[in-house]
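Data first, discussion second: the structure below is written as structure tokens.
Sequence lines set the chain letters: A, B, ... in the order given, protein chains first and strands last, and positions in each chain run from 1.
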Amino acid sequence: MSSGPNFIEEIVEADNASGKWKGKVHTRFPPEPNGYLHVGHAKSIILNAGLATKYGGKFNLRFDDTNPAKEEQEYVDSIISDVKWLGGDFEDRLFYASDYFDQMYVWAEKLIEKGVAYVCDLPPDEMSRQRTPQSPTGTLLPGIDSPFRNRSVTENLDLFRRMKKGEFAPGKCVLRAKIDMASGNINLRDPVMYRIVKEHHHRQGDKWCIYASYDWAHGLEDSIEGITHSICTLEFENHRPLYDWFLDQLGIHHPQQIEFAKLLFTHTILSKRNLRRMVADKIVAGWDDPRMPTIAAFRRRGYRASALRTLIETLGVTKNESVIDIGRLEEAVRNDLASVPRRMAVLDPIKVVITNYPAAQVEQLELDNHPKDTAAGKRSVPFSRELYVDRDDFMEAPTKDFFRLGPGREVRLRGAYWIKCENFVKGADGKVIELQCTYDPATRGGENPPDGRKVKGTIHWVSAAHALTAEVRVYERLFAVEAPGAAHEDTEARPAFMNDLNPESLIVRNNAKLEPLLGSAKLGDTFQFERLGYFNVDLDSKPQALVFNRTMSLNASTPAKENARPVVAAPAKPAKSESKPAAAAPTPPPSEIEFGDFTKVVLKAGKVKAAEKVEKADKLLKLTVDLGEAAPRTIVSGIAEAFAPDQLIGRNVVVVTNLKPRALKGIESRGMILAAGSGKALQLINPGDVVPGSDVK
RNA sequence: UGGGGCGUCGUCUAAGGGUAGGACAUCAGACUUUGACUCUGAGUAUCGUGGUUCGAAUCCACGCGCCCCAGCCA
């Protein structure tokens, strides 16, 4: 796990070796308080705080509250608790950019006096045009100087002071830095330092009507706090020259800005706008709904900070933009919870009557709290004639790879006895409501009987008379596809990502049966319910109305039922399949496979409707292919050397339909034409005279 | 088109002129009173083309691909 230092640590170590900061390391996490923190922020917090810890430095939490229109106290509070929960130890160093407004103002006047800042009266759209003029062919041209660029220092000072006093309406004018209107980096084309905003600030009230912009403010904030390494995400790379320019002009403490790639996950959306939308549209119950990617949601769901820290350490820190498989997070959570005590719970109960067990008898059986850790001790679990087992553990007509209960089948009840199903009873609705079983007294504790009989299955159970009834919320991934929204268009009514919601992301079991010891579980407690996963006590739980969340499923290596066979079987509509994973197979098969994953290809017959050459690509043809779907697909294929577009129209072809869409010469290709040979000798595979959309075997 | 950044197994990530290694995922097997955990094994990678060199993922050149910037957001 521990590989060498990451590139940021290398910089820090080099600085320590050269004495650049006299051995000091001081980092910071500078959120804007305009939303809840999510996993992406966790990386930044863990990275910054971790650096400070590792090199004996300090870590600050600072609210970058320079835009009064967007910021709220609610977010400040949630961010503070999230940072603390993640282990970001800022001690007493909780700061607000707004506390530096006076100092920033003094420095702004200094730049005006130096002649490198001026008040500009251009309206916003005009300023934008002058900063980014384009030639008729779309080439970016050098910017045009503002007519106000050469105002005198006296005039600028006067105007700026009047801006501060509130004499001008918002939008009337701004303070700009005088840098370089010809720079290729647009950020250097006289960026805005102050704009007029007449809004109530959450800490400053109505004291200010001019507010510093990010580029002007951020370096100053870092400088004031004595930050040494100012770590931010890649999109700020273009802003670094500005960061440096302001600090150089002022001649003040000059931290080094370092950029890294932010953390993204598959099956997840992270943009604040979209998260807000999900909360507003009640797709989820709130910012801390356990399906959300927020820190607050993770905490509520039962993830621990240590899982996140381990994960992020394992993933490393680079400048490669990467999307992490959400399975990595899930796996990290499982590993982190592995040591937690075991309990038994039945989510979807079927009653079991042990016909040869004495009606009045109750045994207290001793079960291990943890199978590997003897120090975790034992607990006592009552056993009696009537039990509950999970519906998933019984099949009326069991297949041969099903190891659990069925007519005539024998299984081990974990830590109790072997039982054999002799009969079952159905209710009026045809559902099985009761299993009649016999037990073998020679198997007490679940031990093997002396006659050498074997069973393959061990299942969990709960004594009916002693069971607690609880609500259990079973969570799955919120999105059914890797890249939510990617295959759809946004509309006003429905953002693209909403098309990819997993309809089974929450299943509530409100008649779950728990072993009695769970009655004393407190908020914050997590258990493994054997064979089901890790579960924690939810915020909504009350002593007489217990509520548990499934924090994470266990790995399931074998299909629980015959309908969950992920491999060869091809879904009819690969673009939106697999919305119904079986309960015990939480990881649905991917609907879009990677190029090269040949065991899972879905082949369909298609008819070419149109074909044309692709500009600037000798080998590519852009085909429109009817696959019997609602709309024909665009497929870009490298077959231009062998075929002219006209030759292809009307032809039947074989298409790999479940490839991940790929962009070829900027055209999104949704599928691949099957062909053999190469170059001019290329042959298309012909499916014969079949209907578009037919399966091809 | 201008400026900035990034390209290593399916996915992350090491290797800083000298055996392309690890993790996750996948597959196969062992073990198992959780179809879990654990253990063993397997396969698959340096964006391309040239060049320098005894030797290149690494250095050079030219391409190609992807991401970011053109808010008075951060």
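- In summary, A:E32 and A:K70 do not engage in a salt bridge, as defined by a charged side-chain N under 4.0 Å from a carboxylate O.
- We find that A:R131 and A:D190 are not joined by a salt bridge, their nearest charged nitrogen and carboxylate oxygen being 4.0 Å or further apart.
- Comparing B:rG7 with B:rC60, their P atoms sit 14 Å apart, to the nearest whole Å.
- For A:Q528 against B:rU34, a side-chain N or O and a base N or O form a donor-acceptor pair under 3.5 Å.
- There is a side-chain donor-acceptor pair under 3.5 Å between A:R334 and A:S553.
- Spacing of C1' atoms, B:rG71 relative to B:rC66, comes out at 25 Å, to the nearest Å.
- Under the 4.0 Å criterion applied to side-chain N and carboxylate O atoms, A:R162 and A:E167 are assigned as salt-bridge partners.
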How would you summarise protein contacts on nucleotides 3-9 of chain B per nucleotide, using B for base, S for sugar-phosphate only and - for none, with heavy-atom distances below 4.0 Å? BSSSS--
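- For the C1' atom pair drawn from B:rA57 and B:rG17, the interatomic distance equals 11 Å after rounding to whole Å.
- Because its glycosidic torsion is within 90° of 0, B:rG71 is reported here as syn.
- Take the nearest nucleotide of RNA chain B for A:R412 and for A:G138: the residue whose nucleotide is more 5' is A:G138.
- Among the candidates A:Y211, A:Y194, A:Y96, the single residue satisfying the ring-ring contact (aromatic ring centres under 6.0 Å, His included) test with A:F101 is A:Y211.
- If you check every strand for non-hydrogen atoms under 4.0 Å, A:P142 touches nothing.
- Set against B:rU34, B:rA14, B:rC69, the side chain of A:N187 has B:rC69 as its closest nucleotide.
- Applying the side-chain hydrogen bond (donor to acceptor under 3.5 Å, both in side chains) test between A:N369 and each of A:K378, A:R343, A:R342 identifies A:R343 as the sole match.
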